Visitor: 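Let me begin by handing over the structure; questions about it come next.
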Amino acid sequence: MKLFDIEEELNKLPNSPGVYIMHDEKDTILYVGKATNLHNRVRQYFRAGHGHNNSPKITKMVSMINYFEYIVTSSEMEALILECNLIKEHRPKYNTMMTDDKGYPYIRITINEDYPRIIMSHQMRRDKSLYFGPYTDRKAVHDIIALLKKLFKLRNCSRQIYTGNTNERPCLYYQIGQCSAPCAGYVSKEEYNEQIKESISFLNGDTRNIEAKLKAEMIEAANKMEFETAAEIRDTLQSISAITEKQRVNKTSTDDRDIIATARNNEDSVISIFFIREGTLIGRENHHMMSDPSVETSEIITEFIKQYYTGTPFIPKEILTVTEIDDKELITDYLSERKGQKVIISSPQKGEKKGLIKLAEDNAKLVLSQDIERIKRAEKRTTGACQEIADLIGINTASRMEAYDISNISGYHSVASMVVFVDGKPKRNAYRKFRLKTVEGPDDYASMKEVLSRRFTSDSIGELPDVIMMDGGKGQVHVAEVVLNSLGIDIPVCGMVKDDNHRTRALLYNDKEINFSKGSEAIHMITALQDETHRFAITYHKQLRSEEQVKSILDDIKGIGPARRKALLLYFKEIDAIKRASVEELAAVEGMTEAAAEQVYKFFN
């Protein structure tokens, strides 16, 4: 039986706008796209004769799809913005042609200035300006800015204009009636800022007065047979309509919010959590929780918040929940203390925030009705496999695992890799690369001792793992245990025991082999961890060789370029002599400064 029946899942797709995400069999995201109608759009990929299937690249991508998921949104515009954010975050291989590092534009009003300007900005900054957006229609943004400047006679220049410093000569825009010339003192600060307030009101959606005025002008121009003028006004009205289309999520606020809702049946609860960062919906997660029908929804949400925010490094300023939570004051105080500033937890009953809750709730219901079995299977492969490993070796949790590997190729310097899996999935931003500093030649034990010592004594040590997986036998496990014991760190260490095909068949823990049960998900995850560790180490080694960077360990020292490296090697003859040298001896080398000498000494000592 297939774990994900594509034909069956296609029939479940809703006739709603949203974003779809294509995965391969290794859970890698292949493609992220947006749709006005998810049911129609996603089905096209698996039906012959449709236009986009004519592309060889897309045809290849479709052949690799193992399963897909989707996020329902309230509008196509919202789907566009979410699509952009997901592409930027995941960089899917088949979306390369669609990425746009500029993102979507904002309208910025420099309200911190005496005579504010209205300009387009490619990003939102915390600079005391007022921002509107992001918007998906760049032309409409240009049109609206031009319209506001024309209607309210706002300045078009970037001059620094202060009250009392208004002796400039007006430019051409004043001459043609499109600027009130604050630079020349022809308008007071108070009058000018009234016009800015009108512009802000317009951008906040109150466009009725202006639209009525423009429609009247368009009709008048048409009656006078001034059709070109009427067409220009019509285009302006269309721009207003495009840019003021209601976006439920993307407002001017720069606040960070998480939106939490749930859907339940007799056995399961699905928690949908939406992430809003700086006013923009950037993604969502779905979490499955076992629940009894007698348990209140408030208790489920409360338990989720406690578990989720204890383990996540980021806590938003505001958390919106579908229902009031238990122990609200206590949990709020705890999260506020962790964040270092006030955190608000609320359950809105009306307005925009209630709409956000409804959006998360709708997604939770869809997931519960259509995807709950797949979520359970995915959990079995990930968090379930982690718990299986924890049970096998007798520890409470194996949520975070680190694995290490040493790579020696063709006499080049050794390198090492550290790979991290969290909840059974790769956490690539936590991976680390090491070039060996103290070990010469292919000595894996000494190399591993150096790497582990550096990892667990670093100033940026970060989160400790629940268990360490060594890609080796008793020798490697013993090295790790010695290093950890010397540092007073108590972390279980396992060796990944391999068969004749170099595939993991068991774990070595406390000098005993522990075999996996038949059909174990844990062995698949450990194999994936082993493969990823090898891949990462070898990729790093190849990168160094291809770039011809593995010439000297001195290349890794800040402030030591080719000239100083050559001077040091000519003076000391060998690396070991440089390692033993004092700061004074190093500084005596031609071209070396005392600061550079200290960098070299610090690097080796």
Side-chain angles (χ1 to χ4, degrees), residues 1-5 23-29 64 66-67 69 267-268 270 285-290 307 311 371-405 417-428 430-431 464-478 480-481 491-537:
M1 178 179 176
K2 294 179 66 177
L3 292 180
F4 187 89
D5 189 319
H23 294 260
D24 67 11
E25 62 182 7
K26 296 182 178 179
D27 292 330
T28 302
I29 294 178
M64 298 170 64
N66 182 257
Y67 70 94
E69 58 179 323
E267 297 179 354
D268 305 290
V270 169
E285 290 179 1
N286 292 310
H287 296 267
H288 169 237
M289 297 183 75
M290 299 295 292
Q307 294 174 34
D371 289 348
I372 189 63
E373 293 304 320
R374 181 166 59 84
I375 288 177
K376 288 181 179 179
R377 290 193 295 268
E379 285 184 348
K380 188 177 180 181
R381 293 195 303 268
T382 54
T383 54
C386 290
Q387 192 56 51
E388 186 180 338
I389 290 167
D391 294 340
L392 278 173
I393 64 177
I395 61 176
N396 291 328
T397 180
S399 174
R400 182 184 175 99
M401 290 185 282
E402 291 182 4
Y404 297 83
D405 190 27
S417 66
M418 179 185 96
V419 165
V420 180
F421 271 34
V422 175
D423 291 332
K425 299 178 182 178
K427 188 176 182 180
R428 291 184 172 83
Y431 288 13
L464 291 175
D466 298 311
V467 63
I468 294 173
M469 294 288 176
M470 304 301 297
D471 188 42
K474 289 185 179 180
Q476 291 282 24
V477 172
H478 178 68
E481 290 173 338
I491 299 175
V493 181
C494 292
M496 294 183 281
V497 182
K498 302 173 187 63
D499 59 21
D500 294 338
N501 295 318
H502 205 67
R503 309 296 291 178
T504 299
R505 63 172 178 80
L507 292 177
L508 179 68
Y509 182 62
N510 288 338
D511 291 331
K512 294 180 181 178
E513 280 195 16
I514 301 175
N515 294 312
F516 297 98
S517 59
K518 187 176 181 181
S520 167
E521 293 290 350
I523 193 169
H524 296 304
M525 191 185 67
I526 292 296
T527 300
L529 178 64
Q530 178 194 26
D531 291 344
E532 180 70 352
T533 308
H534 282 309
R535 181 201 66 78
F536 191 56

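A quick note: this is a predicted structure, and the numbers were derived from the prediction, not measured. Heavy-atom basis, side chains included; hydrogens, waters and symmetry copies ignored.
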Visitor: Using the test side chain to side chain donor-acceptor pair (under 3.5 Å), find all partners of E388 that sit at least two apart in sequence or belong to another chain.
Guide: S520

Visitor: Taking K498 for its side chain and M496 for its backbone only, find out whether a donor-acceptor pair lies under 3.5 Å.
Guide: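 Looks like yes, one N/O pair under 3.5 Å.
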
Visitor: How far apart are the closest heavy atoms of V497 and L507, and which atoms are they?
Guide: CG2-C, 4.0 Å

Visitor: Would you mind reporting whether E513 and R505 have side-chain heavy atoms less than 4.5 Å apart?
Guide: yes

Visitor: Salt bridge or not between E532 and K26? Use side-chain N to carboxylate O under 4.0 Å.
Guide: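 No, E532 and K26 are not salt-bridged.
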
Visitor: Rounded to the nearest 0.5 Å, what separation is found between the CG atom of L392 and the SG atom of C494?
Guide: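 The CG atom of L392 sits 9.0 Å away from the SG atom of C494.
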
Visitor: How far apart are the closest heavy atoms of I468 and M470, and which atoms are they?
Guide: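 Nearest heavy atoms, I468 then M470: CG2-SD, 3.6 Å.
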
Visitor: Measuring from atom CG of D391 to atom CD1 of I514, what distance do you get when rounded to the nearest 0.5 angstrom?
Guide: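 The distance works out to 11.5 Å.
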
Visitor: For residues D471 and Q530, determine if any side-chain heavy atom of one lies less than 4.5 Å from a side-chain heavy atom of the other.
Guide: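 SC-SC contact between D471 and Q530 confirmed.
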
Visitor: Kindly compute the distance separating CD1 (I389) from CD (E521), expressed to the nearest 0.5 Å.
Guide: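 Atom-to-atom, I389:CD1 and E521:CD are 11.0 Å apart.
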
Visitor: Within this structure, what is the CG-CZ distance for the pair L529 and F421, rounded to the nearest 0.5 Å?
Guide: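 These two atoms lie 5.0 Å from each other.
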
Visitor: Testing the basics here: between F516 and A506, what is the closest heavy-atom pair and its distance to 0.1 Å?
Guide: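 Scanning both residues completely, I find the closest heavy atoms to be CE1-CA, 3.7 Å.
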
Visitor: Give a yes or no on whether H478 atom NE2 has more than 12 heavy-atom contacts from other residues, nucleotides or ligands under 6.0 Å away.
Guide: no

Visitor: Only counting residues at least two apart or in another chain, list the ones meeting side-chain contact (heavy atoms from CB on, under 4.5 Å) with S399.
Guide: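 Expected list: T397, V422, D423, D466.
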
Visitor: Please give me the minimum heavy-atom distance between A430 and V420, naming the atom from each residue.
Guide: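 A430 and V420 have their closest heavy atoms at O-CG2, 3.7 Å.
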
Visitor: For a quick test of reading the model, state the closest non-hydrogen atom pair linking Y431 to R535 and the distance between them.
Guide: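 Scanning both residues completely, I find the closest heavy atoms to be CE2-NH2, 4.2 Å.
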
Visitor: In terms of side-chain heavy atoms, does Y404 have a donor or acceptor partner in E402 at a distance below 3.5 Å?
Guide: yes

Visitor: Looking only at heavy atoms, what is the nearest atom pair of C386 and G424, with distance?
Guide: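 Closest approach of C386 to G424: SG-N, 3.3 Å.
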
Visitor: Would you give the length of the straight line joining atom CE of M469 to atom CD1 of I526, rounded to the nearest 0.5 angstrom?
Guide: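 M469 atom CE to I526 atom CD1 measures 3.5 Å (nearest 0.5 Å).
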
Visitor: Partners of N66 by side-chain contact (heavy atoms from CB on, under 4.5 Å), sequence neighbours excluded?
Guide: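 N66 satisfies side-chain contact (heavy atoms from CB on, under 4.5 Å) with E25 only.
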
Visitor: Please report the interatomic distance CG(D511) to CD(E481), rounded to the nearest 0.5 Å.
Guide: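 It comes to 7.0 Å.
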
